[in-house]
Amino acid sequence: MAVYEFRCRECGSTFEVNRPMQQAGDPADCPGGHRDTVKLLSTVALGGKARTAQRPAMAPSGGGGGGCCGGGCCG
C-alpha cells in the first residue's frame with residue numbers, strides 16, 4: 001500500500017488516500033463529496049534511522065597536487 005496526496009479543486013482541501021500502487025492513477029473523491037480532485041506530487045518519507053558510512057577525514061597534504069591550481073600549474 002502507498003499513500004497518495006490529493007487536493008480538491010472545489011473546496012481547496014488536501015487529503016491522503018491509501019491504495020495499492022496499481023491504482024496510483026485512479027481518481028479520488030474529496031472527503032467533502034466533490035469529484036474535481038488532482039493528485040499532488042509528493043516526496044517520499046521513510047521511517048527508521050539512517051546509517052552513514054564512517055570515513056576518515058581527508059587531511060590536506062603539505063605539497064599541493066590536487067587539480068590544476070592545487071598542483072602549481074596556475075600562474
Side-chain angles (χ1 to χ4, degrees):
M1 290 293 250
V3 178
Y4 299 96
E5 192 172 26
F6 288 83
R7 175 167 291 144
C8 179
R9 291 181 182 168
E10 291 186 45
C11 67
S13 67
T14 301
F15 58 97
E16 294 179 344
V17 176
N18 293 318
R19 59 171 57 155
M21 292 176 118
Q22 294 85 359
Q23 298 174 359
D26 292 354
D29 290 343
C30 167
H34 309 120
R35 293 184 177 231
D36 189 12
T37 60
V38 62
K39 188 170 92 169
L40 301 176
L41 186 60
S42 302
T43 58
V44 176
L46 301 175
K49 290 185 176 183
R51 289 182 48 180
T52 57
Q54 298 293 325
R55 290 190 234 172
M58 298 283 293
S61 62
C68 177
C69 291
C73 64
C74 297

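Model, not experiment: these values are computed from the prediction.
Applying the side chain to side chain donor-acceptor pair (under 3.5 Å) criterion to Thr14, with sequence neighbours excluded, gives Arg7.
Identified under the salt bridge (Lys or Arg N to Asp or Glu O under 4.0 Å) test for residues 11-28, with sequence neighbours left out: none.
Clustering of Ile, Leu, Val, Met, Phe, Trp and Tyr side chains at separations under 4.5 Å places Val17 together with Tyr4, Phe6, Phe15, Met21.
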Report, one line per pair, each donor and acceptor closer than 3.5 Å where one atom sits in a side chain of residues 29-40; sequence neighbours left out.
residue	atom	partner	partner atom	Å
Thr37	OG1	Ala28	O	2.5
Lys39	NZ	Ala24	O	3.3

